[in-house]
Trainee: 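Below is the structure I would like to discuss, written out as structure tokens.
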Amino acid sequence: MRSRSSTLHGIRRKFAALSALAIGAALAVAVPTPASAAARVDNPYAGAKAYVNPQWSAKAAAEPGGSVIADEPSFVWMDRIAAIEGAGDAMSLREHLDEALDQGANLFQVVIYDLPGRDCAALASNGELGPTELDRYKTEYINPIADILDDPAYANLRIVTIIEPDSLPNLVTNAGGTAGSTTQCATMKANGNYEKGVGYALHTLGAIPNVYNYVDAGHHGWLGWDTNFVPAAQEFKKAATTEGATVADVQGFIVNTANYSALKEPYFKVTDSVNGTTVRQSKWVDWNFYVDELSFAQALRTELVNQGFASNIGMLIDTARNGWGGSARPTAAGPLTNVDDYVNGGRIDRRIHPGNWCNQSGAGIGERPTSAPEAGIDAYVWAKPPGESDGNSQPIENDEGKGFDQMCDPTYGGNGRNGNSPTGALANSPLAGHWFSAQFQELVRNAYPPLDGGGGDDDTQAPSAPTGLTVTGKTSGSVSLSWSASTDNTGVTAYDVYRAGVQVGSSATTSFTDTGLTASTAYSYTVKARDAAGNVSAASAAVSATTSAGGGTGTGTLKVQYKNNDSSATDNQIRMGLQLVNTGSTAVNLSTVKVRYWFTPEAGASTFGTACDYAVLGCGSVTTGVTASGSSAAGASHYLEVGFGSGTLAAGASTGEIQLRLNKSDWSNFNEADDYSRTTNTAYADASKIGVYVGSTLTWGTAP
């Protein structure tokens, strides 16, 4: 089974003499003899003794409470060519295999992860090979790995591979025409090198009798919508029949690789409804057909068989970090006031948005590696070794080809792939694959099922309650909050924000914007502080806010969100960020849509220049121009009109960020302070004074 892993890439650490601890963990009943291990089996995890990486084990054992899980098996990551021979202090692939023999293991797990143009939608896990370097991938990466794995010395090992996390799912959702698409993914879809690379890896490694290939298949919060589900299965079939590969080279698929999606949601189902409204309409589920990884994996397996894969293919689920235990774990269903309260109050997965993937605050160790736990599931595995970072929270120069992805920055306001929500990422994180001690300790504390003797009980002092909670801004669909920092004996790691007693998000800073609200509606908020040990403060004093009145006809499904990108209101440019969101259940033809931002130029030239500096969907897809509005309303004599040349905006999707600016042709200064559409918020929020027109009909916002 395959799953998403937007940032894993682990380079194993310094070899420590921990062979006694790393002897291996039994995944099931009995340990077979080497002779029986050589025979091809239906499920390589059945009765297997899996290899424990001694370098990861040493780091885990050195952490408080970590010795409890230091003997668990996890995957070894080959995330660059140098990793094959061992980069720095990391063991080489052959050294890992030799150690597996010394441990008496008969199962070895390795991630194949170095495609050309790798991870086109997540900078933290970019790779070393350029988009066109397929030949290098074959000759310098796959072939040397195959030569090592095919050594007769390892013939009695069942070698399980995960083939290229995130690659094929990116072609389905991020390669053009949808919110969050990138030019890099469009390039990889056009040149076919993801499919060719995956096909070559499957064909080459699949020719080795004791290798079992599992292809990455994203996760439910990525591919669970009907618009993605079958196309993903078709894409997997296409790649598995490319470059000489056949479906016989595929043992199965893995979901949730290096991700945090809950294995099971016990307190709500996708078929539930509240007061006649389906939970699929809730902001969290967002019309998805799946709410957890087990149901998604089992359904995807059925579809893959329908597409022509073998009827006995198996699925793997990465459970290394999806336990979501600790004091904040729900114990019952949420309140029946509305679908959002019901889902948010009862969901195990406590991320702010299911699209968040980087070093998630509050996560915990999940189910321990287990063979054949459910129908169609070959095993629960630890593909992403706990404690290895997903990505760096700030830019870090490196020679590993890994960039800085804002989804790893706890202060970033999000993008189209996560509904423009806060990232929920932990602060002070290192490069992807590097050891992140603070995260490891949090994962141990929040483990579910809980760890026996897991430690983390020394700090029992809760932070002080946040004070000074105030409303700093509001629109028809959002409320912005700020508060004064709490104090704690070891330090506050996050603040949890509650609406009417139900948690709606977390923030690493002392501010938060709650979005997706109803116009002209009163909401009440409190905030609690949380420290690294999981101690939670008392709630702050409550504050109430009533959202602004909605504009337009009230019948449209589009809304626009705005942030102010200009620190000065009196310079010679107007700079802003806009993004269009489809809140409906059907796709919208973008060629019919216009967005209008009203302003006044004061004195100076009456002609204007406009520019698009950046757009997730590409500036070539965005049109801009300034028109005199004919309005006598204050601050609204002109408007910037933004259009889209073509394409569609899927249900529940966003165009992602569009950074725009305009100037007068004589470059004289503006005075933006009284402009009709301008607000001062620097994080995206619903903008009730920016109009959205479909054809000639105003469907969002209030025109001047």
Side-chain angles (χ1 to χ4, degrees), residues 1-3 24-53 72-78 93 96-97 99-101 103-112 145-146 148-165 201-217 240 245-257 297 301 304-305 309-320 367-383:
M1 313 184 352
R2 200 107 9 219
S3 134
L27 280 172
V29 194
V31 179
T33 65
S36 65
R40 189 81 185 177
V41 295
D42 181 63
N43 179 0
Y45 288 88
K49 180 182 179 183
Y51 168 65
V52 175
N53 181 347
E72 294 289 354
S74 58
F75 278 74
V76 173
W77 285 73
M78 293 289 106
L93 176 59
H96 279 296
L97 289 161
E99 176 66 16
L101 297 179
Q103 290 181 12
N106 73 325
L107 176 71
F108 181 80
Q109 304 174 104
V110 59
V111 178
I112 306 301
I145 290 175
I148 294 170
L149 299 185
D150 199 25
D151 190 322
Y154 311 126
N156 287 334
L157 284 173
R158 303 172 186 176
I159 300 174
V160 170
T161 68
I162 293 177
I163 303 298
E164 298 296 350
L202 288 171
H203 174 61
T204 305
L205 300 176
I208 303 171
N210 56 317
V211 168
Y212 298 80
N213 291 320
Y214 289 80
V215 179
D216 184 77
T246 72
V247 293
D249 293 316
V250 179
Q251 177 73 18
F253 293 78
I254 179 169
V255 300
N256 205 46
T257 301
R301 181 184 179 278
L304 290 162
V305 172
F309 287 94
S311 60
N312 65 338
I313 59 169
M315 306 296 288
L316 305 178
I317 303 177
D318 185 358
T319 59
E367 292 282 349
R368 270 50 104 198
T370 308
S371 171
E374 299 277 354
I377 309 300
D378 279 356
Y380 297 153
V381 299
W382 284 8

Trainee: Is Arg158 positioned over the aromatic face of Tyr45, cation under 6.0 angstrom from the ring centre and no more than 45 degrees off axis?
Mentor: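 Output no; distance or angle outside limits.
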Trainee: Output all residues satisfying ring-ring contact (aromatic ring centres under 6.0 Å, His included) with Tyr154, sequence neighbours left out; order by chain, then residue number.
Mentor: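 ring-ring contact (aromatic ring centres under 6.0 Å, His included) check on Tyr154 returns nothing, list empty.
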Trainee: Please report the interatomic distance OG1(Thr370) to CD1(Ile377), rounded to the nearest 0.5 Å.
Mentor: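 Answer for the OG1-CD1 pair, Thr370 versus Ile377, is 12.0 Å.
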Trainee: Is the backbone of Ser311 close enough, under 3.5 Å, to the side chain of Arg301 for a donor and an acceptor to pair up by distance?
Mentor: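 Confirmed, Arg301 side chain pairs with Ser311 backbone.
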Trainee: Could you pull out the closest heavy-atom pair between Pro44 and Ala48, with the gap in Å?
Mentor: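 Scanning both residues, the minimum pair turns out to be O-CB, 3.5 Å.
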Trainee: Under the 3.5 angstrom rule, does the side chain of Asp378 hit a backbone N or O of Asn43 as a donor-acceptor pair?
Mentor: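 Between the backbone of Asn43 and the side chain of Asp378 there is no qualifying donor-acceptor contact (under 3.5 Å).
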Trainee: Taking atom CG of Leu205 and atom CD1 of Ile145, what is their separation to the nearest 0.5 Å?
Mentor: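 Result: 7.0 Å between the selected atoms.
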Trainee: List in chain and number order the residues that pass side-chain contact (heavy atoms from CB on, under 4.5 Å) with Ala248, two or more places apart in sequence or in another chain; answer none if no residue qualifies.
Mentor: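 Partners of Ala248 under the side-chain contact (heavy atoms from CB on, under 4.5 Å) test: Thr246.
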Trainee: Do Gln251 side-chain atoms and Asp42 backbone N/O form a donor-acceptor pair below 3.5 Å?
Mentor: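 Yes: the side chain of Gln251 pairs with the backbone of Asp42.
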Trainee: Measure the CG-NZ distance between Leu107 and Lys49 for me, rounded to the nearest 0.5 Å.
Mentor: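 Answer rounded to 0.5 Å: 12.0 Å.
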Trainee: Has Trp77 got a side-chain atom pairing as donor or acceptor with Ile112's backbone, closer than 3.5 angstrom?
Mentor: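 The answer is no, because no donor-acceptor pair under 3.5 Å joins these two groups.
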Trainee: Would you check if the side chain of Asn210 reaches a backbone N or O of Leu157 as a donor-acceptor pair within less than 3.5 Å?
Mentor: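 Such a contact is found between Asn210 side chain and Leu157 backbone.
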